[in-house]
Amino acid sequence: MAFDHPFYFLRHGETTWNAERRTQGQLNSQLSDRGRNQAEVAAQALKDEPIERIIASPLDRVVNTAKAVARVTGLDIETDPDLMECHLGDHQGEQHGPWLPAYFRGEYAPPGGETFETFCARVWDAMSRAVARGPNTLIVAHGGLWIAARTRVRVNPDLDRMPNALPLKVSPSPGRWDHEICGSGQPSAQPISY
């Protein structure tokens with residue numbers, strides 16, 4: 001499946017576990033006050049974009065972020081379980097550790113979880129299906145999906161880690177995704193942290 005249409009990507013707002021540097025994976029964690037505010041700011045940046053559909057991970061942090069966009073666009077939210085974050089097995093709920101960067105390099109498989117390769121294949125297929133529905137699909141999901149996508153395409157400008165609630169418009173071409181921050185008209189800058 002090819003990415004033949006422009007699309008939008010939005011990672012969920014900050015959660016209480018993000019702030020605590022706890023591993024979420026496929027566990028539910030709630031948006032922090034900051035995360036709820038981030039979602040509202042992102043929604044305002046997206047309200048005048050020609051978004052035609054919202055497809056989201058079913059995890060609470062994502063659905064609650066997508067609801068902010070749905071309120072300003074009047075669109076319904078569809079969910080796809082294949083857009084969920086990587087399943088990090090026994091590490092879910094723990095503090096981040098040195099195993100996490102190793103996981104995203106494909107060098108570590110968490111006990112009871114999914115390999116990075118399996119995760120990449122799952123979410124690439126899910127994002128491909130979402131974008132194949134037509135132009136201007138908004139995918140609301142997780143930072144891990146952006147990391148997974150970077151194993152398949154060159155991202156321009158490079159954005160190795162996706163900040164919380166950064167609304168992007170992505171213009172795909174073969175082997176490459178060009179992106180800009182919605183509401184700014186500027187290419188996305190490298191984030192400091194998330």
Side-chain angles (χ1 to χ4, degrees), residues 1-14 18 38-39 41-57 59 61-62 65-66 68-69 73 75 77-86 100-101 103-106 114-194:
M1 243 181 273
F3 287 80
D4 294 329
H5 309 290
F7 67 98
Y8 296 85
F9 187 90
L10 178 64
R11 181 186 178 208
H12 61 80
E14 180 194 75
N18 287 144
Q38 289 172 333
V41 169
Q44 289 303 310
L46 290 166
K47 74 177 182 178
D48 294 326
E49 297 290 334
I51 296 168
E52 295 184 20
R53 69 198 57 77
I54 301 171
I55 303 178
S57 159
L59 294 175
R61 59 191 181 268
V62 174
T65 300
V69 179
T73 61
L75 295 169
I77 300 167
E78 302 173 49
T79 60
D80 182 344
D82 286 338
L83 291 174
M84 284 197 293
E85 185 63 279
C86 44
L100 189 57
Y103 175 81
F104 284 115
R105 291 190 304 267
E114 67 184 328
T115 66
F116 183 59
E117 181 180 320
T118 299
F119 167 64
C120 288
R122 169 173 61 82
V123 300
W124 185 258
D125 287 348
M127 288 191 290
S128 297
R129 284 193 312 270
V131 173
R133 299 266 309 274
N136 302 318
T137 295
L138 169 62
I139 297 172
V140 187
H142 306 271
L145 275 73
W146 194 260
I147 295 170
R150 290 178 72 250
T151 68
R152 309 287 174 107
V153 294
R154 186 164 64 91
V155 172
N156 181 53
D158 192 23
L159 183 62
D160 66 339
R161 301 186 86 186
M162 177 60 65
N164 291 107
L166 181 70
L168 297 181
K169 180 175 184 176
V170 181
S171 299
S173 58
R176 178 174 165 152
W177 286 0
D178 294 313
H179 57 92
E180 64 182 54
I181 300 171
C182 295
S184 75
Q186 300 295 316
S188 308
Q190 181 74 18
I192 296 169
S193 181
Y194 75 96

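Count residues from 1 along the sequence. Quick caveat, the model's predicted, so the values are computed rather than measured.
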ask   = Does the side chain to side chain contact (heavy atoms under 4.5 Å, CB included) test come out yes or no for Asn18 and His12, once each step is laid out?
value = CA-CA 11 Å; Asn18 287 144; His12 61 80; 3.5 Å; yes
query = For the atom pair CZ (Phe9) and CG (Leu138), what is the distance rounded to the nearest 0.5 Å?
reply = 9.5 Å
ask   = Closest heavy-atom contact between Ala126 and Leu83?
value = CB-CD2, 3.6 Å
For Ser57 against Ala141, the heavy-atom pair lying closest together = CB-CA, 4.4 Å
Side-chain donor-acceptor distances from residues 45-52 under 3.5 Å, at least two apart:
unit_1 : atom_1 : unit_2 : atom_2 : d
Lys47  : NZ     : Gln44  : OE1    : 3.2
Glu49  : OE1    : Tyr8   : OH     : 2.7

key: Closest heavy-atom pair and its distance - Gly13, Ala165   = CA-CB, 4.1 Å
query = Any side-chain heavy-atom pair from Val131 and Ile139 closer than 4.5 angstrom?
reply = yes
key: Validation row: Arg152, Met127 side chains within 4.5 angstrom (heavy atoms)   = no
inquiry  = So, taking the atom named SG in Cys120 and the one named CG in Leu145, what distance separates them when rounded to the nearest 0.5 Å?
reply    = 9.0 Å
message = I want to check something: taking the side chain as every heavy atom from C-beta on, are Leu168 and Glu180 in contact at a cut-off of under 4.5 Å?
response = no
task = Without swapping roles, check the side chain of His179 against the backbone of Pro157 for a donor-acceptor pair under 3.5 Å.
result = yes
task = Quick one: pull up CD1 in Ile147 and SG in Cys86 and give me the separation to the nearest 0.5 Å.
result = 7.5 Å
request  = Output yes when a side-chain donor or acceptor of Thr137 lies under 3.5 Å from a complementary backbone atom of Phe7, and no otherwise.
outcome  = no
Trp124 and its ring pair (Phe, Tyr, Trp, His ring centres under 6.0 Å) partner, picked from Phe3, Phe119, Trp146 = Phe3
query = Taking all non-hydrogen atoms of both residues, which atom of Ala66 and which atom of Ile54 are closest, and how far apart?
reply = CB-CG2, 4.1 Å
inquiry  = With rounding to the nearest 0.5 angstrom, report the OG to CG distance, Ser128 to Asp82.
reply    = 11.5 Å
request  = Kindly say whether Gln38 contributes a backbone atom to a donor-acceptor pair with the side chain of Glu14 at under 3.5 angstrom?
outcome  = no
query = About how many Å separate CZ of Arg129 and CD1 of Ile55, when rounded to the nearest 0.5 Å?
reply = 9.0 Å
query = Between atom CH2 of Trp177 and atom CZ of Arg150, what is the distance when rounded to the nearest 0.5 Å?
reply = 11.5 Å
Backbone N/O of Met162 and side chain of Arg11: donor-acceptor pair under 3.5 Å = yes
query = Hey, is the main chain of Met84 close enough, under 3.5 Å, to the side chain of Arg122 for a donor-acceptor pair?
reply = yes
ask   = Would a distance-only check, ignoring hydrogens and angles, find a side-chain to backbone donor-acceptor pair under 3.5 Å from Glu85 to Gly144?
value = yes
Val69 side chain reached by Val140 side chain, heavy atoms, under 4.5 Å = no
ask   = CD of Glu117: more than 12 outside heavy atoms within 6.0 angstrom?
value = no
ask   = Would you say the side-chain atoms of Arg53 pair up with the backbone N or O of Glu78, donor to acceptor, closer than 3.5 Å?
value = no
